[in-house]
Amino acid sequence: MPHDLPDHPHAHLPPDPALRVKALETILTAKGLVDPAALEEIIDTYQNRIGPQNGARVVARAWRDPAFKAALLADADPVLAELGYYGRQGEHMVVVENTPQRHNMIVCTLCSCYPWPLLGIPPGWYKSDAYRARAVREPRKVLAEFGVALPPETAVRVWDSTAEVRYLVLPMRPKGTEGLDEAALAALVSRDSMIGTALPAAPGQAQP
Amino acid sequence: MTRVHDMGGRFGDGPVRPEAADAPVFAQDWHGRALAVTLACGALGQWNIDVSRHARERLSPGDYSRFSYYEKWIAALADLLVETGVLSEADLQGKGTAELHALAGRALQAQDVAAALARGGPAARDGGPAPRFSPGQAVRTRRPAENVLMPGGHTRLPRYAAGACGQILRLHGSHVLPDSNAHGLGEAPEPLYAVRFAASQLWAHPEHPDDEVVLDLWQSYLEPL
């Protein structure tokens, strides 16, 4: 595979990004290499069907069911497969549990690796240079920018997703949620709490 | 030495700006199109995920820094399509032909999207060398953090973790080696480990004495201590 070229072919496409994508799509469609209906299907999948509600359901179940939680933490893939959460960018999942002693936080410093089947497409901030650069060096300052302050007895463990393993944080169950069913618990679990940049909402609080 | 994408630990980027939980998945319509076109082209089978990552990393540092996220994707995709001979530069200039392409039979169809996404691209493989390290063992990472098979090639050892001492946390099994797979040198699977490093191993001014960073690292990136 060639790797450094004197001139990058992409420079032939129009400078405006929307036109650039459109131009490439038009060329590919004309040659039968891309089916516009397949593009719509991909967009619809990630826009409307796969998202953080999947991960929230897993977290809520783990909070309610100790055997499920133990299996999930020991070997997540078969447990998630049973719920239908597998596939692209979630082929090898590891779930890491927050405790009073340890807070987990996920980043990908080299690109933007993220557990798509459980959380969908990553938010803009996750893909930003600021998050990628700083999460590993000063996670507590980054957490403060999300409004999270950890007590000094809690250590931070940052997971840099450098391989095809994808990580999901299992946040601590909020107090006062003893009687809640799975759906009510899932409603407390924000996307960011499963990345480790937020804590789950307390009952009656809006999700951060 | 390294490339522009390898930014872990870098100073000067300013605050992280979280967006609202209900912000749209694709901030602009073309973001979704860029993602979909990239995935659909991947299904043509002319490259693997490591080649595709390396194509983004090979954007010039100026382009990489200037481009927004999906602009990087589209630029790298255009480059890859030309490099692999799927399209010509004339095609990108709008001077190509509109005849059916030899690969058209492989184009991803709408009814196959769900199955293709569900299949994904598992990186675990049977075989490869036996694990050399076990959980708890002390290791040191390669320094400099460079691809040893290909000058300037793709690697997943970030610069900030080069030459650092850590401890094996867990073995993930044998996984395709990106340093090889990104360059057509075969999958060369190796044991992959989660390795934990004290923040004080990586940074001159760690925020807290107990903080750690964990990276997934291949066996050939590591040596015993």
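The basis for the numbers below is simple: all heavy atoms, side chains too, and nothing from hydrogens, waters or symmetry mates. Each chain gets a letter, A, B and so on, in the order its sequence line appears, and its residues count up from 1.
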Can you name the nearest heavy-atom pair linking [X] to [Y], along with the distance?
X        : Y        : answer
B/Ala194 : A/Tyr167 : CB-OH, 4.2 Å
A/Ile42  : B/Ala36  : CD1-O, 3.7 Å
A/Ala130 : B/Gly14  : CB-O, 3.5 Å
A/Lys31  : B/Thr97  : NZ-O, 2.8 Å
A/Ala38  : B/Gln109 : CB-C, 3.9 Å
A/His8   : B/Leu59  : CE1-CA, 4.1 Å

Check: Is there a side-chain contact between B/Leu117 and A/Tyr46 (heavy atoms, below 4.5 Å)?
Finding: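 Yes; the side chains approach each other to less than 4.5 Å.
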
Next item on the list: Indicate yes or no: at least one non-hydrogen side-chain atom of B/Val25 is less than 4.5 angstrom from one of A/Asn48.
Entry: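 Result no, sub-4.5 Å side-chain heavy-atom pair not found.
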
Please confirm whether the backbone N or O of [Y] pairs with a side-chain atom of [X], one donor and one acceptor, at under 3.5 Å?
X        : Y        : value
A/Glu145 : B/Val16  : yes
A/Arg88  : B/Ala116 : no
A/His92  : B/Ala123 : yes
A/Arg132 : B/His5   : yes
A/Glu41  : B/Ala114 : no
A/Trp159 : B/Asp216 : no
A/Glu91  : B/Gly121 : yes

Look at [options] and state which one has the largest set of heavy-atom pairs under 4.5 Å with chain B.
options                               : result
A/Ala11, A/Gly147, A/Cys111           : A/Cys111
A/Pro17, A/Pro122, A/Cys108           : A/Pro17
A/Leu19, A/Leu13, A/Val94, A/Thr45    : A/Val94
A/Pro139, A/Ala23, A/Gly120, A/Pro117 : A/Pro139
A/Leu33, A/Leu39, A/Thr26, A/Val142   : A/Leu33
A/Asp35, A/Thr109, A/Val156           : A/Val156

Heavy-atom pairs under 4.5 Å with chain A: which of [options] has the most?
options                                : result
B/Leu202, B/Val213, B/Asp210, B/Leu185 : B/Val213
B/Gly32, B/Ala40, B/Pro18              : B/Pro18
B/His205, B/Glu71, B/His31, B/Gln111   : B/Glu71
B/Ala78, B/Ala110, B/Ala124            : B/Ala110
B/Val86, B/Asp29, B/Thr38, B/Ile49     : B/Ile49
B/Asp91, B/Asp63, B/Val82              : B/Asp91

Nearest 0.5 Å, what's the [atom1]-[atom2] distance between [X] and [Y]?
X        : Y        : atom1 : atom2 : answer
A/His103 : B/Asp211 : NE2   : CG    : 10.5 Å
B/Leu192 : A/Thr162 : CG    : OG1   : 7.5 Å
A/Arg20  : B/Leu77  : CZ    : CG    : 11.5 Å
B/Arg156 : A/Ser161 : CZ    : OG    : 8.5 Å
A/His10  : B/Ser60  : NE2   : OG    : 6.5 Å
B/Tyr70  : A/Lys127 : OH    : NZ    : 3.5 Å

When you look at [atom1] of [X], are more than 12 heavy atoms from neighbouring residues, nucleotides or ligands closer to it than 6.0 Å?
X        : atom1 : value
B/Arg17  : CZ    : no
A/Glu153 : CD    : yes
A/Tyr86  : OH    : no

Chain A heavy atoms under 4.5 Å from [X]: which part of the residue, side chain, backbone, both or neither?
X        : answer
B/Phe197 : neither
B/Leu103 : both
B/Ala199 : neither
B/Arg170 : side chain
B/Arg196 : side chain
B/Leu35  : side chain
B/Leu177 : neither

Given heavy-atom pairs under 4.5 angstrom as the criterion, report whether the side chain, backbone, both or neither of [X] touches chain B.
X        : result
A/Val107 : neither
A/Thr197 : neither
A/Ile43  : both
A/Ile27  : side chain
A/Val34  : both
A/Lys141 : both

Check: Under the side-chain contact (heavy atoms from CB on, under 4.5 Å) criterion, do A/Leu110 and B/His154 qualify, and how do the steps go?
Finding: CA-CA 11 Å; A/Leu110 296 174; B/His154 180 64; over 6 Å; no

Next item on the list: Could you please spell out the steps behind the side-chain contact (heavy atoms from CB on, under 4.5 Å) verdict for B/Leu92 and A/Leu24?
Entry: CA-CA 7 Å; B/Leu92 293 192; A/Leu24 196 56; 3.8 Å; yes

Checklist line | Test log, rule side-chain contact (heavy atoms from CB on, under 4.5 Å), inputs B/Glu19 and A/Trp125 | finding: CA-CA 7 Å; B/Glu19 57 249 55; A/Trp125 63 259; 3.2 Å; yes

Note to self: Is there a side-chain contact (heavy atoms from CB on, under 4.5 Å) between A/Val96 and B/Val214? Walk through the geometry before answering.
What the structure shows: CA-CA 12 Å; A/Val96 292; B/Val214 178; over 6 Å; no

Next item on the list: Say whether A/Asp129 and B/Tyr64, considering side chains only, have a donor N or O and an acceptor N or O under 3.5 Å apart.
Entry: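 No.
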
Next item on the list: For the pair B/Arg53 and A/Glu164, find out whether any cationic side-chain nitrogen is under 4.0 Å from an anionic carboxylate oxygen.
Entry: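 Yes, B/Arg53 and A/Glu164 are salt-bridged.
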
